[in-house]
Amino acid sequence: MVWIEELKEHVGKEVTLKGWVYNKRDSGKIRFVILRDGTGLLQCVFAKSEVDEATFELADLANQEALVKITGTVREDKRAPGGVELSVRSLKLMADSENYPITPKEHGIDFLLSRRHLWLRSRRQHALLKCRDTLIRAFHEFFEKRGFILIDPPMITPTSCEGATTLFEIDYFGEAAYLSQSGQLYMEPAAAAFGKVYCLAPSFRAEKSKTRRHLTEYWHLEPEVAFLDLAGDMELAEDMLLCVVRGVLEHRADELKLLGERIEGFDKHTELLKNLDKPFYRISYDDALELLKGKAVQMKWGEKFGADEEAVISREFDRPVFVHRYPKASAPFYMKEDPVNPKVVLNFDLLATEGYGEIIGGSQREDDLAKLEAAIERQGLPREPLEWYLDLRRYGTFEHSGFGIGIERTLAWITGIHHIRETIPYPRLIDRIYP
RNA sequence: UCCUCGGUAGCUCAGCGGUAGAGCGGGUGGCUGUUAACCACUAGGUCGGGGGUUCGAAUCCCUCCCGGGGAGCCA
């Protein structure tokens with residue numbers, strides 16, 4: 001038994017493969033069966049003059065996605081997709097497949113998402129999820145090389161980490177518990193224990209967000225580093241993003257090309273990614289307000305940027321842009337106040353290019369116990385469940401920073417696809433939990 | 001939650017007051033190099049549910065259900 005991806009090493013030899021029928025074409029006395037085994041596609045040729053009558057007839061009986069076992073001779077042929085094809089000697093139908101729903105034509109998104117378990121077999125989804133695999137490996141490699149320790153946060157938590165956003169509530173032996181929306185509060189103690197740490201885990205958001213940039217369950221990567229200030233935090237985010245973008249471009253060129261066939265302006269996007277380099281742009285919230293004013297977008301100081309404003313800002317730059325030091329009033333309690341200007345906090349959002357929007361949010365954490373207590377009080381958060389978190393400021397408080405990056409948003413940006421729902425094997429969306 | 005668009009054959013859609021349509025997919029037949037093959041023939045429908053207007057409703061109105069796109073929130 002061999003896999004399709006290994007066939008170039010078997011040219012001229014007879015091999016046996018198992019796989020599913022991807023597509024068929026026939027023309028009188030010749031039949032073409034495109035075989036799919038997960039590692040690639042292979043054109044199998046049935047010539048009436050070269051196979052026996054029964055085998056030739058069998059080629060007709062195998063429906064789309066039927067499992068077959070095929071034996072034949074590997075041959076190089078320019079006319080075949082992939083460069084090699086199989087001259088078939090025998091075929092065995094192992095398992096039939098009647099009326100496979102995803103035919104090789106266009107389908108709507110509702111139809112496809114309802115059949116996500118089958119949709120994964122198609123070329124585009126295959127390419128996308130291979131890019132996801134490469135992206136995640138690139139992230140791990142980056143942090144491993146820098147001496148970070150992987151720390152897994154809990155997914156079941158007693159309270160909200162950030163207060164405002166809606167949480168999924170679960171019944172925990174009669175007590176209310178919640179699915180985590182961030183591992184950050186658990187990574188800060190880990191940073192005090194190990195210095196440089198990161199986690200990669202699902203985060204859950206119960207907001208009824210219904211846009212191309214939201215999932216209710218997404219994969220959240222969160223580094224947290226001791227003795228790192230805001231400037232260092234942005235440098236870390238910059239180095240990390242450059243590293244993983246280059247990793248995907250290098251290892252998944254074929255997949256990206258396939259994905260780009262149906263995306264307008266894809267060449268320009270790829271060109272931009274290939275030329276991506278340090279430094280990314282850094283502008284303050286105040287600078288961003290000025291920039292928007294120049295684009296005839298009037299906003300009062302203190303107002304948050306919406307998706308439109310973020311798109312306007314990001315389109316002004318040919319590299320991702322850090323927007324830092326946002327107004328304190330709308331910031332989460334754990335962000336450190338700027339000693340230079342107490343009206344803002346030491347945080348940043350990283351906006352991806354071409355209007356993709358925010359893919360990273362990070363900050364230097366408040367390390368002053370009194371200020372942190374005041375922020376909790378000011379935001380009306382219950383203090384008791386956060387006592388353990390306050391301990392970090394009691395026992396050797398330390399300067400530290402971190403950020404969170406969405407795997408799916410990053411992948412959508414790199415691959416140039418519009419909606420993030422296809423960047424995760426089984427997307428969880430508002431009103432969609434099947435399959 | 002709000003705004004907006006939609007639900008007609010297995011799929012993608014056209015039809016928008018007067019007998020239910022196309023392409024693809026399925027079936028049958030033809031073709032020895034096809035690339036989402038092509039050509040011919042063929043089967044396939046409570047026009048999302050309910051109510052109303054009308055001589056007559058897929059088409060107009062009301063309502064409910066389901067889905068797409070977007071906003072807010074965020075990664």
Side-chain angles (χ1 to χ4, degrees), chain A residues 22-34 41 43-51 56 59-60 63-64 75 77-82 85 87 98-115 122-124 161-167 181-184 200-222 237 261-262 303-311 330-332 348-352 356-362 403-413 418-421 423-424 429-432:
Chain A
Y22 188 76
N23 200 3
K24 285 190 300 182
R25 286 181 281 275
D26 62 79
S27 176
K29 298 190 179 78
I30 189 162
R31 307 247 187 285
F32 301 95
V33 170
I34 310 298
L41 296 176
Q43 175 161 285
C44 304
V45 186
F46 296 72
K48 197 160 192 176
S49 54
E50 294 168 26
V51 294
F56 192 74
D60 278 338
N63 292 314
Q64 188 188 0
R75 209 173 52 199
D77 195 314
K78 279 184 195 147
R79 293 167 294 187
E85 64 179 21
S87 288
E98 259 185 275
N99 300 317
Y100 184 73
I102 305 179
T103 55
K105 287 288 166 185
E106 278 178 34
H107 301 282
I109 193 64
D110 179 38
F111 181 84
L112 290 169
L113 282 175
S114 298
R115 292 158 184 78
S122 65
R123 280 165 78 188
R124 190 182 141 85
C161 291
E162 306 192 15
T165 32
T166 326
L167 298 154
Q181 58 177 347
S182 166
Q184 185 202 317
L200 176 57
S203 274
F204 305 88
R205 301 284 164 99
E207 297 111 348
K208 297 204 168 181
S209 300
K210 209 183 151 186
T211 79
R212 68 188 182 88
R213 296 168 50 246
H214 288 88
L215 296 167
T216 51
E217 178 185 36
Y218 69 98
W219 284 75
H220 201 180
L221 186 140
E222 296 173 282
E261 284 170 9
R262 289 216 198 145
E303 283 183 313
K304 295 182 202 168
F305 301 135
D308 289 348
E309 287 79 26
E310 285 188 352
S330 52
F348 73 83
D349 281 349
L350 180 75
L351 309 182
Y356 262 91
E358 182 185 347
I359 58 173
I360 305 182
F403 60 81
I405 176 166
I407 298 297
E408 292 77 15
R409 284 188 181 179
T410 307
L411 185 59
W413 172 58
H418 181 250
H419 202 298
I420 68 169
R421 62 190 158 208
T423 61
I424 187 167
L429 300 156
I430 174 171
D431 296 328
R432 192 179 284 283

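Since the structure is predicted, the reported quantities are computational estimates derived from the model, not experimental observations. Per chain, numbering begins at 1; letters A, B, ... match sequence-line order.
Here the side chain of A:Thr103 is nearest to one of B:U32, B:G25, B:A75, namely B:G25. With B:A75, B:A36, B:U32 as the candidates, the nucleotide lying closest to the side chain of A:Lys105 is B:A36. Comparing B:G33, B:G68, B:G72 by their nearest atom to the side chain of A:Glu85 picks out B:G33. Comparing B:A36, B:G33, B:C74 by their closest approach to the side chain of A:Arg75 singles out B:G33. Proximity note for A:Phe111 (side chain, C-beta onward) versus B:A75, B:G72, B:U12: the nearest is B:U12. Between B:C73, B:G67, B:A36, one nucleotide has an atom nearer to the side chain of A:Asp431 than all others, and that is B:G67. Nearest to the side chain of A:Glu106, among B:G69, B:U12, B:U32, sits B:U12. Residue A:Lys210 has its side chain nearest to B:A71 when only B:G33, B:A71, B:A75 are considered. Taking the side chain of A:Arg79 as heavy atoms from C-beta on, and the options B:G72, B:U12, B:U34, the nearest nucleotide is B:U34. Between B:G72, B:U32, B:G70, one nucleotide has an atom nearer to the side chain of A:Ser27 than all others, and that is B:U32.
Nucleic acid contact class of A:Gly306 (heavy atoms, under 4.0 Å, all strands): sugar-phosphate only. Among the heavy atoms of the strands lying under 4.0 Å from A:Arg212 are primed sugar atoms or P, OP1, OP2 only; no base atom is included. Among the heavy atoms of the strands, none lies under 4.0 Å from A:Gln64. If you check every strand for non-hydrogen atoms under 4.0 Å, A:Ser203 touches nothing. If you check every strand for non-hydrogen atoms under 4.0 Å, A:Leu215 touches a base. Contacts of A:Asp26 with the nucleic acid, taken as non-hydrogen atoms under 4.0 Å apart, include base atoms.
You won't find any donor-acceptor pair under 3.5 Å spanning the side chain of A:Arg115 and the base of B:C11, going by distance alone. Evaluation of atom-type donor-acceptor distances gives a pair under 3.5 Å for the side chain of A:Ser209 against the base of B:C73.
Distances shown here put a side-chain N or O of A:Lys29 below 4.0 Å from the OP1 or OP2 atom of B:U32. The side chain of A:Arg432 places an N or O atom within less than 4.0 Å of a non-bridging phosphate oxygen (OP1 or OP2) of B:G68. A:Lys304 has a side-chain polar atom (N or O) that falls below the 4.0 Å cut-off from OP1 or OP2 of B:C74. Between B:U1 and A:Lys208, a contact under 4.0 Å exists linking OP1 or OP2 to a side-chain N or O. Phosphate proximity of B:C13 to A:His107: absent, as no side-chain N or O sits under 4.0 Å from OP1 or OP2. At B:G69, one or more side-chain N or O atoms of A:Arg421 fall inside 4.0 Å of OP1 or OP2 (strictly under the cut-off). Applying the 4.0 Å criterion to OP1 and OP2 of B:G70, one finds that A:His214 has every side-chain N and O outside that range.
In this structure, A:Asp110 pairs ionically with A:Arg432, as a charged nitrogen and a carboxylate oxygen lie closer than 4.0 Å.
Looking only at distances, a side-chain donor or acceptor of A:Glu222 sits under 3.5 Å from a matching main-chain atom of A:Gly183. Of the possible donor and acceptor atoms, one in the side chain of A:Arg31 sits under 3.5 Å from a partner among the backbone N and O of A:Gly28.
Considering A:His214, A:Glu217, A:Gln181 in turn, A:Gln181 is the only one that fulfils the side chain to side chain contact (heavy atoms under 4.5 Å, CB included) rule with A:Arg205.
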Inset, instruction - Test side chain to side chain donor-acceptor pair (under 3.5 Å) on A:Ser87 and A:Arg75 and set out the steps. - result: CA-CA 7 Å; A:Ser87 288; A:Arg75 209 173 52 199; 2.7 Å; yes
Inset, instruction - With side chain to side chain donor-acceptor pair (under 3.5 Å) as the test, would you mind laying out the steps for A:Tyr218 and A:Arg409 before giving the verdict? - result: CA-CA 9 Å; A:Tyr218 69 98; A:Arg409 284 188 181 179; over 6 Å; no
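Nucleotides B:A14 and B:A9 place their C1' atoms 13 Å apart, quoted to the nearest Å. Comparing the same atom, C1', in B:A57 and in B:U42 gives a spacing of 31 Å after rounding to whole Å. Comparing the P positions of B:U8 and B:C60 gives an interatomic distance of 15 Å, to the nearest angstrom. To the nearest whole angstrom, the two C1' atoms, one in B:C31 and one in B:C66, are 46 Å apart.
By the criterion of a centre-to-centre distance under 5.5 Å and near-parallel planes under 30°, the ring of A:Phe32 forms no stack with the base of B:G33.
The distance between atom CG of A:Asp308 and atom P of B:C3, rounded to the nearest whole Å, is 18 Å. Between the CD atom of A:Glu310 and the C1' atom of B:A71 there is a distance of 13 Å, given to the nearest Å.
In terms of position along RNA chain B, the nucleotide closest to A:Pro101 lies nearer the 5' end than the nucleotide closest to the other residue of the pair A:Gly28 and A:Pro101. Closest-nucleotide positions on RNA chain B for A:Ala47 and A:Ile359 were compared, and the one nearer the 5' end corresponds to A:Ala47.
Across every strand in view, B:C16 sits unpaired, with no contact that passes the Watson-Crick or G-U test at under 3.5 angstrom. The partner of B:U54 cannot be assigned: no Watson-Crick or G-U wobble pair with both contacts below 3.5 Å exists in any strand. With a cut-off of 3.5 Å on both Watson-Crick or G-U wobble distances, the partner of B:C41 is given as B:G27. The pairing partner recorded for B:U59 is none, the criterion being a Watson-Crick or G-U wobble arrangement whose two distances lie under 3.5 angstrom.
Taking the centre and axis of the six-membered ring of A:Tyr100, the NZ or CZ atom of A:Arg115 falls outside the cone set by 45° and 6.0 Å.
A:Phe204 has its side chain out of reach of A:Thr216: every pair of non-hydrogen atoms, C-beta onward, lies at least 4.5 Å apart.
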